[in-house]
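Computed from a predicted structure; not experimentally measured.
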Number of protein chains: 2
Amino acid sequence: MKKKLSIPTITRLCMVFQQCDELQIMGILRVSSTQLGKAIGVPAHTIRKDINCLGEVGDTGSGYDVARLKAHLRRALGFDQIRRACIVGLGRLGSALMDYEKFGASGFSVVAGFDSSVNRIETMQTRMPVYPAYDMKEVIQREAIELALLAVPAPVAQATADVLVASGIRGIVNFCPVVINVPETQVQVRNINVINEMRVLSSLMTLGE
Amino acid sequence: MKKKLSIPTITRLCMVFQQCDELQIMGILRVSSTQLGKAIGVPAHTIRKDINCLGEVGDTGSGYDVARLKAHLRRALGFDQIRRACIVGLGRLGSALMDYEKFGASGFSVVAGFDSSVNRIETMQTRMPVYPAYDMKEVIQREAIELALLAVPAPVAQATADVLVASGIRGIVNFCPVVINVPETQVQVRNINVINEMRVLSSLMTLGE
DNA sequence: GCTAATATGTGATTTTTTTCACGGAACAGC
DNA sequence: GCTGTTCCGTGAAAAAAATCACATATTAGC
Ligand SMILES: NC(=O)c1ccc[n+]([C@@H]2O[C@H](COP(=O)([O-])OP(=O)(O)OC[C@H]3O[C@@H](n4cnc5c(N)ncnc54)[C@H](O)[C@@H]3O)[C@@H](O)[C@H]2O)c1
Ligand SMILES: NC(=O)c1ccc[n+]([C@@H]2O[C@H](COP(=O)([O-])OP(=O)(O)OC[C@H]3O[C@@H](n4cnc5c(N)ncnc54)[C@H](O)[C@@H]3O)[C@@H](O)[C@H]2O)c1
């Protein structure tokens with residue numbers, strides 16, 4: 001029974017995929033919705049509903065075959081395709097991301113970094129090619145980069161995003177604490193806002209007592 | 001008309017608070033739900049509903065008085081209290097966070113860093129005090145630290161979180177790509193999972209075409 | 001002082017998302 | 001081969017969240 005996937009469902013399914021990967025590495029062949037739910041932090045029936053959106057793939061009575069589930073998710077969510085990504089803004093956060101080793105094993109290939117400071121570009125020592133910001137459009141198109149991790153100072157976030165959009169980027173993970181406007185049919189955005197998460201925690205602490 | 005606040009509402013209200021701050025710095029005295037909505041990326045009526053959960057604070061016809069709205073949010077969400085925070089795991093990500101300058105202006109005081117590598121502790125040059133991981137409980141209690149930013153390797157995330165809980169921490173921003181289990185009545189957790197955000201983007205790109 | 005445009009607050013409505021409940025299937029232990 | 005347990009799939013119900021619609025208030029322009 002295939003259905004349109006909602007964002008919460010997609011988010012959870014991505015986590016299920018990750019979990020399948022880990023189970024496979026551990027040599028585990030089968031898994032139940034209960035186990036998956038525990039690993040992901042949601043109830044079992046939510047997992048079942050989510051997985052069901054992609055059609056039947058589990059075995060009633062026994063659980064899910066890890067390999068089969070993973071293959072199913074891979075196809076449905078498009079993980080068979082390696083996505084090329086870049087990091088824009090190679091300051092403190094951008095540098096940390098450049099060295100982050102999990103991208104490769106997760107199906108992402110980070111192939112470029114950009115910074116507006118030529119001095120910074122020249123003094124950085126890194127395995128990955130880094131370019132001045134004014135080459136962004138050219139490099140993104142030449143290298144067929146689809147995703148960008150945006151870690152520039154907040155005041156230039158929108159202008160930088162505009163360049164990314166003009167370069168034909170398809171998705172942006174925005175670490176800057178501002179909302180960026182993009183043509184939403186062409187480009188997807190996910191925001192990561194550390195300060196706001198801390199504020200939410202602080203509010204929950206206040207409200208919860 | 002006061003109501004219980006849902007997580008989505010709290011999240012947006014925190015962003016509204018941030019926005020009020022910026023408007024105030026720009027010397028802007030009044031703001032409408034339409035403007036706020038645009039800045040935050042949600043429709044105007046959502047903003048109005050959210051703000052209304054805290055009781056009436058706007059003026060029908062003209063919009064909201066920025067100062068009054070901010071004061072209202074501050075009280076309701078508990079932002080009048082400065083929250084003390086620490087960073088656990090001073091690797092690439094943790095170091096970036098240590099140098100992040102926005103905490104102070106946002107009502108957070110980051111007063112300690114922890115790492116299990118004594119060598120790392122000793123060679124780090126930083127304004128902020130850093131401690132070996134085995135002093136975590138003592139320092140957190142002595143310094144009355146309420147929040148932790150967790151940036152340790154994923155395999156030790158749960159064990160580290162356990163120590164944080166035992167130390168009496170109230171909230172955790174978890175950057176590790178694993179779910180951590182904590183007693184949910186005592187401790188709040190917000191997860192930031194970069195890889196998963198990228199996967200979601202990738203899925204949306206696949207599904208959207 | 002009149003009009004058009006712009007505001008908020010909020011009950012009602014719609015949509016989305018989660019949760020429940022249970023039929024039917026496999027399995028482990030005995 | 002029987003029994004109690006575990007498990008998936010799924011329609012139905014419930015809960016939560018978003019959206020609409022409009023009464024009512026303010027402001028700006030003229
Ligand atoms: N440091 C953190 O831990 C942290 C945490 C959360 C969010 N953020 C956000 O991430 C962003 C970057 O933070 P940071 O601490 O790394 O800042 P940073 O100042 O260390 O680095 C910013 C980098 O962007 C470069 N840059 C400036 N304009 C640019 C442009 N137009 N194009 C390309 N590169 C440009 C600068 O040269 C610099 O190297 C900020 O928006 C910040 O709010 C940072
Ligand atoms: N680097 C990134 O850009 C990035 C991005 C997103 C998420 N993350 C996640 O953040 C976490 C840290 O990533 P990183 O790249 O900074 O790793 P890292 O290896 O550079 O740093 C980890 C640090 O944690 C310390 N550590 C190890 N065990 C500890 C313990 N028990 N108590 C305290 N400190 C301990 C290590 O000494 C090290 O300094 C990882 O879970 C990673 O998946 C990193």
Side-chain angles (χ1 to χ4, degrees), chain A residues 1-16 19-20 23 28-73 76 184 200 204 207, chain B residues 1-16 19-20 23 28-70 72-73 76 184 200 203-204 207:
Chain A
M1 189 267 271
K2 300 221 180 187
K3 275 208 310 190
K4 208 181 106 262
L5 304 182
S6 69
I7 298 272
T9 291
I10 291 177
T11 306
R12 287 187 299 261
L13 285 178
C14 289
M15 295 169 84
V16 169
Q19 197 58 29
C20 286
L23 290 170
I28 293 171
L29 300 179
R30 301 197 67 81
V31 66
S32 71
S33 59
T34 311
Q35 291 169 289
L36 284 172
K38 200 157 293 177
I40 287 169
V42 299
H45 47 75
T46 303
I47 295 289
R48 288 206 299 279
K49 259 258 149 75
D50 287 340
I51 291 177
N52 250 140
C53 293
L54 311 175
E56 292 192 29
V57 56
D59 307 304
T60 311
S62 54
Y64 299 90
D65 179 288
V66 174
R68 186 145 71 98
L69 176 55
K70 194 175 155 197
H72 221 79
L73 291 170
E184 50 192 76
V200 171
L204 289 171
L207 296 168
Chain B
M1 188 266 272
K2 300 222 183 187
K3 276 209 310 194
K4 208 179 108 265
L5 303 183
S6 68
I7 298 273
T9 291
I10 291 175
T11 305
R12 286 188 299 261
L13 285 177
C14 289
M15 295 170 86
V16 170
Q19 196 57 29
C20 285
L23 290 170
I28 294 171
L29 299 179
R30 301 197 68 79
V31 66
S32 71
S33 59
T34 311
Q35 292 169 289
L36 285 171
K38 200 156 293 176
I40 287 168
V42 299
H45 48 75
T46 304
I47 296 288
R48 287 207 298 279
K49 258 256 151 71
D50 286 341
I51 291 177
N52 249 143
C53 293
L54 311 175
E56 292 190 31
V57 57
D59 306 305
T60 311
S62 55
Y64 299 91
D65 178 290
V66 174
R68 185 146 70 99
L69 176 55
K70 191 174 157 199
H72 220 79
L73 291 170
E184 49 192 77
V200 171
S203 307
L204 289 171
L207 296 168

Determine the minimum heavy-atom distance between B/Ala76 and A/Leu207, stating which atoms define it.
O-CD2, 3.7 Å
With hydrogens left out and only the distance checked, is there a donor-acceptor pair under 3.5 Å joining A/Lys49's side chain and the base of C/dT19?
yes
Between B/Tyr64 and C/dG9, does any side-chain N or O lie under 4.0 Å from OP1 or OP2?
yes
Can you measure A/Asp59 atom CG to D/dT10 atom C1' for me and round it to whole angstrom units?
17 Å
Please state how far atom NZ in B/Lys4 lies from atom C1' in D/dA17, giving the value in whole angstrom units.
12 Å
With distance as the sole criterion, is a donor-acceptor pair present between the side chains of A/Ser62 and A/Arg30 under 3.5 Å?
yes
Nearest to the B/Ser62 side chain among D/dT26, C/dC27, D/dT10, which nucleotide is it?
D/dT26
With a non-hydrogen cut-off below 4.0 angstrom, is B/Thr9 in contact with a base, only sugar-phosphate, or nothing?
nothing
Using a cut-off of 4.0 Å on non-hydrogen atoms, how would the nucleic acid contact of A/Arg30 be classed: base, sugar-phosphate, or nothing?
nothing
Let me spell it out: for each of A/Gly63 and A/His45, pick the nucleotide of DNA chain D with the closest heavy atom. Which residue's pick is nearer the 5' end?
A/Gly63
For B/Val57, which contact category applies under a 4.0 Å heavy-atom criterion: base, sugar-phosphate, or nothing?
sugar-phosphate
All heavy atoms of A/Leu54 vs all of A/His72, minimum pair found to be O-NE2, 3.2 Å
Closest to the side chain of B/Asn52, out of C/dT17, C/dG9, D/dC7, is C/dG9
The side chain of A/Thr60 is closest to which nucleotide in this list: C/dG24, D/dA25, D/dT19?
C/dG24
So among B/His45, B/Arg48, B/Lys49, which one has a side chain to side chain donor-acceptor pair (under 3.5 Å) with B/Ser33?
B/Arg48
Nearest to the side chain of B/Ser32, heavy atoms from C-beta on, is which of C/dT8, C/dC22, C/dT19?
C/dT8
Using whole Å, what does the distance between atom C1' of nucleotide C/dT17 and atom CZ of A/Arg48 come to?
16 Å
